[in-house]
K.L.:
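I have a structure I would like to understand better, so I am pasting it below and will then ask my questions one at a time.
Atoms considered below: every heavy atom in the structure, side chains included; atoms not considered: hydrogens, waters and symmetry mates. To find a chain, count down the sequence lines: A is the first, B the second, and so on, and within it residues start at 1. No experiment lies behind these values; they were computed from the predicted model shown.
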There are 2 protein chains.
Amino acid sequence: MQIADVPAGISLGETVGPQVYRLLRRRIIQAELLPGERLSESEVAKTLSVSRQPVREAFIKLSEEGLVQVLPQRGTFVTKISVAAVMDARFVREAIEADVVRLIAESREPDAVDELRRQVVEQKKVPHNDRSAFLRLDELFHHTLAASAGKSYAWNVIESVKAQMDRVRFLSVDDMHVTRLIDQHERIVEAIATNDQAGAEQAMRLHLREILNSLPEIAGSRAELFDRS
Amino acid sequence: MQIADVPAGISLGETVGPQVYRLLRRRIIQAELLPGERLSESEVAKTLSVSRQPVREAFIKLSEEGLVQVLPQRGTFVTKISVAAVMDARFVREAIEADVVRLIAESREPDAVDELRRQVVEQKKVPHNDRSAFLRLDELFHHTLAASAGKSYAWNVIESVKAQMDRVRFLSVDDMHVTRLIDQHERIVEAIATNDQAGAEQAMRLHLREILNSLPEIAGSRAELFDRS
DNA sequence: TGCGATTAACTGGTATGGTAGTAGGGTAGG
DNA sequence: CCTACCCTACTACCATACCAGTTAATCGCA
């Protein structure tokens, strides 16, 4: 969820374009920049004290992820959250991660299981009200799964696709829900530990379908953030 | 495989950046631009009679697909084909398309099956020596599958991921192989027609694993195009 | 002749200038 | 009063200029 602390401004050590991209991406996902809001190349550039050029590159990349819409000679706008887009992204993610856990369960690596178990313990320690801490650990967990399967490229795809889902998850405030998600993590890990490929796959699919439960509710209560649906 | 005819130059009707991107992408996949070759922003710009700006945007997008590598202050180079990258891409593609055909087989749509059968017939008509014609139809076939499942976004992901595989496929010249691929298409369609989800999934997975057979041979015979392996 | 330091040419990254095109407000005409 | 037009202000897109950093070749010296 890219919750990782990002400097508020722009640092000089790295190229500017990607920095602007990550900054805007985080602000869109965290709903600081609201759907429908207008973003101007020159305005953003002025605010961040950079030129329009890197801002433009950031806009292009954001538009490829579906977070903004660039209308030539008209303006660039934060997209409203599209239920269809969220479900499409979820579908792709489920497909990939289902095969990932299958792969891990097949070629068991005790080290990976140990690390995953350790992470689940860590997740349980998180205070129930600290949502962003959990989201960070959740991202780490799924990333570790992909890495354990030796599929770090697949993780890149997931990370890009995840953006749409993360926008929704950030709005989801029900804290009690977190324990449920951690339980699901635990089931995935234990299925992997016992080389239960089908079980691991099913557990993962179930886990990633959780968002389908909360989505309609959120889309209803925060209708102004969603694309007509 | 983006074999679709692309104008040799740059037209004025559309924004320039994406045009340059598609042009270079096609030339890399078709091995007109060879792995290791140096691409200069200014040189490409001069050749196409555009400014460096859109060329730069194209380079960025190509680097995200892993087709070029941008080394700041040093140069931009066409990446060598990486066997690992091809297999990673293949893994992601298999995961997504496996779920796609499952979905179609589940919710049978006679129209889709008819269209797919028609396409298979068309594929059989292609002369055995016209490789690019088959590759076009193959791309259409897989695109139609995704569209039939209502997952056009998933197709976008596949299209991006496919680039690495297409570089290899373009080098694969064994014509006889084509009939085998068409047979596999046929099996996929017939499994869908009988609502055989598991069968369709397995047929698709087998189909997408074909490249694993030819990959080692190609990587051996055209070693200069591949990253040390 | 061989080797090291210097420099000139070139790279991508950033900043800025210029252009076609859109949108919206205000005004003139019916 | 309503409508149609124009004009201004803004947009993203493209082109150009400048910069820091890398590379490689050449020149000077041992």
Side-chain angles (χ1 to χ4, degrees), chain A residues 6-25 27-28 33-80, chain B residues 6-25 27-28 33-80:
Chain A
V6 177
I10 300 297
S11 77
L12 287 74
E14 197 193 348
T15 57
V16 179
Q19 291 189 67
V20 176
Y21 160 72
R22 288 200 303 275
L23 183 75
L24 293 176
R25 184 179 193 273
R27 296 191 61 193
I28 293 173
L33 295 172
L34 292 174
E37 191 165 339
R38 178 195 208 113
L39 293 177
S40 158
E41 274 187 9
S42 47
E43 199 172 326
V44 172
K46 201 171 61 181
T47 304
L48 299 179
S49 301
V50 296
S51 77
R52 281 162 21 222
Q53 196 48 48
V55 175
R56 173 175 167 73
E57 289 165 12
F59 279 14
I60 291 175
K61 204 169 174 196
L62 289 170
S63 77
E64 285 165 2
E65 279 187 350
L67 295 178
V68 306
Q69 184 175 16
V70 179
L71 302 177
Q73 273 67 36
R74 293 215 258 164
T76 299
F77 303 86
V78 178
T79 57
K80 298 208 169 192
Chain B
V6 179
I10 301 297
S11 77
L12 287 75
E14 196 192 351
T15 57
V16 179
Q19 290 188 70
V20 176
Y21 161 72
R22 287 200 303 274
L23 183 75
L24 293 176
R25 185 179 193 272
R27 296 191 62 192
I28 293 173
L33 295 172
L34 292 174
E37 190 164 342
R38 180 197 206 109
L39 292 178
S40 158
E41 278 186 5
S42 45
E43 200 172 325
V44 173
K46 200 171 61 179
T47 304
L48 299 178
S49 301
V50 298
S51 77
R52 273 181 48 209
Q53 197 48 48
V55 175
R56 174 175 167 73
E57 288 164 13
F59 278 16
I60 291 175
K61 204 170 172 191
L62 289 170
S63 77
E64 286 165 1
E65 280 186 349
L67 294 178
V68 306
Q69 184 176 16
V70 178
L71 302 178
Q73 273 67 40
R74 294 215 261 163
T76 299
F77 303 86
V78 178
T79 56
K80 299 207 168 194

K.L.:
Tell me which residues in residues 67-77 of chain B put a heavy atom below 4.0 Å from DNA chain D, sorted by number, or none.
P.N.:
Gln73(B), Arg74(B)
K.L.:
Can you tabulate the close N/O pairs, meaning under 3.5 Å, that link protein atoms to atoms of nucleotides 15-18 of chain C?
P.N.:
{"from": "dA15(C)", "atom 1": "OP2", "to": "Ser51(A)", "atom 2": "N", "distance (Å)": "2.6"}
{"from": "dA15(C)", "atom 1": "OP2", "to": "Ser51(A)", "atom 2": "OG", "distance (Å)": "2.8"}
{"from": "dG17(C)", "atom 1": "O6", "to": "Arg52(A)", "atom 2": "NH2", "distance (Å)": "2.5"}
{"from": "dG18(C)", "atom 1": "O6", "to": "Arg52(A)", "atom 2": "NH2", "distance (Å)": "3.4"}

K.L.:
Can you name the residues that form a side-chain contact (heavy atoms from CB on, under 4.5 Å) with Ser51(A), not counting sequence neighbours?
P.N.:
Gln53(A), Pro54(A)
K.L.:
Please collect all salt bridge (Lys or Arg N to Asp or Glu O under 4.0 Å) contacts where either partner lies in residues 35-46 of chain A, sequence neighbours excluded, each pair once.
P.N.:
Glu41(A)-Arg56(A)
K.L.:
Please list, chain by chain and in numerical order, all residues satisfying side-chain hydrogen bond (donor to acceptor under 3.5 Å, both in side chains) with Ser42(A), sequence neighbours excluded.
P.N.:
Ser40(A)
K.L.:
Quick one: list whatever passes salt bridge (charged side-chain N to carboxylate O under 4.0 Å, His left out) with Arg27(A), sequence neighbours left out.
P.N.:
Glu32(A)
K.L.:
Near DNA chain D, under 4.0 Å by heavy atom, which residues of residues 36-43 of chain A?
P.N.:
Arg38(A), Leu39(A), Ser40(A), Glu41(A), Ser42(A)
K.L.:
Does anything in residues 62-71 of chain A pair up under side chain to side chain donor-acceptor pair (under 3.5 Å), and if so which pairs, sequence neighbours excluded?
P.N.:
Tyr21(A)-Glu65(A), Arg25(A)-Glu65(A)
K.L.:
Who passes side-chain contact (heavy atoms from CB on, under 4.5 Å) against Thr15(B), sequence neighbours left out?
P.N.:
Pro18(B)
K.L.:
Identify which one of Val44(B), Ile60(B), Val55(B), Val70(B) satisfies the side chain to side chain contact (heavy atoms under 4.5 Å, CB included) criterion when paired with Thr76(B).
P.N.:
Val70(B)
K.L.:
Apply side-chain contact (heavy atoms from CB on, under 4.5 Å) to residues Phe77(A) and Val68(A) and explain how you reach the verdict.
P.N.:
CA-CA 5 Å; Phe77(A) 303 86; Val68(A) 306; over 6 Å; no
K.L.:
Going by side chain to side chain contact (heavy atoms under 4.5 Å, CB included), Val78(A) matches just one of Leu34(A), Leu33(A), Leu62(A). Which one?
P.N.:
Leu33(A)
K.L.:
How about Leu23(A) and Leu48(A): do any of their side-chain heavy atoms sit closer than 4.5 Å?
P.N.:
yes
K.L.:
Using the side-chain contact (heavy atoms from CB on, under 4.5 Å) criterion, which residues pair with Pro72(B)? Sequence neighbours excluded.
P.N.:
none
K.L.:
Applying side-chain hydrogen bond (donor to acceptor under 3.5 Å, both in side chains), can you list everything that pairs with Glu14(B), at least two apart in sequence or on another chain?
P.N.:
Arg22(B)
K.L.:
Using the heavy-atom set of chain B and a strict 4.0 Å cut-off, write down the first and last nucleotide of DNA chain D that makes it in, 5' to 3'.
P.N.:
dC14(D) to dT23(D)
